[in-house]
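Since the structure is predicted, the reported quantities are computational estimates derived from the model, not experimental observations.
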Amino acid sequence: AHEEAAEAALVSALILGLWSAGSMVLLRKRPLYPRPVLLVTLLLLIVTAGLMGRAGNLGGRIRHPEIAGSGGAFTGLADDHGGHRDPVKD
């Protein structure tokens with residue numbers, strides 16, 4: 001799931017980049033960008049940010065069991081062996 005989410009985020013980022021660069025080149029002589037161009041750019045930006053966040057979250061679940069909801073609360077306190085220790089018991 002993480003790999004597919006990352007691919008979707010990459011495609012979205014490439015579309016955003018091409019749209020932005022094309023808009024910049026085609027509209028370089030105008031003092032202001034037309035409102036529809038800005039709205040499409042903003043929409044692409046929001047979609048891309050959301051897809052990037054989703055890909056990052058799915059990737060975090062691979063390496064961080066506390067994100068996946070393993071049942072234990074994450075305390076942020078590491079023991080000497082790279083695990084987490086319980087601040088109440090220690």
* Structure fact -> When rounded to the nearest 0.5 Å, the distance separating CG of L43 from CG of L38 is 12.5 Å

* **Spacing of CG belonging to L10 relative to CG belonging to L51, to within rounding of 0.5 Å** => 11.0 Å

* Asked: Got a second to check how far L18's CG is from L44's CG, nearest 0.5 Å?
  -> 10.5 Å

* Any side-chain heavy atom of I15 sitting closer than 4.5 Å to one from V11? -> yes

* For R30 and L27, indicate whether the former's side chain and the latter's backbone hold a donor-acceptor pair under 3.5 Å. => no

* To do: Walk me through it: do V37 and W19 pass the test side chain to side chain contact (heavy atoms under 4.5 Å, CB included)?
  => CA-CA 9 Å; V37 172; W19 172 263; 4.2 Å; yes

* Structure fact -> From the list I46, V47, T48, side chain to side chain contact (heavy atoms under 4.5 Å, CB included) with L16 holds only for T48

* Minimum-distance pair of heavy atoms, taken over all atoms of A1 and L58 -> O-CD1, 3.8 Å

* To do: Without swapping roles, check the side chain of S12 against the backbone of A8 for a donor-acceptor pair under 3.5 Å.
  => no

* Ignoring hydrogens and geometry, is there a side-chain-to-backbone donor-acceptor pair from H2 to G56 under 3.5 Å? -> no

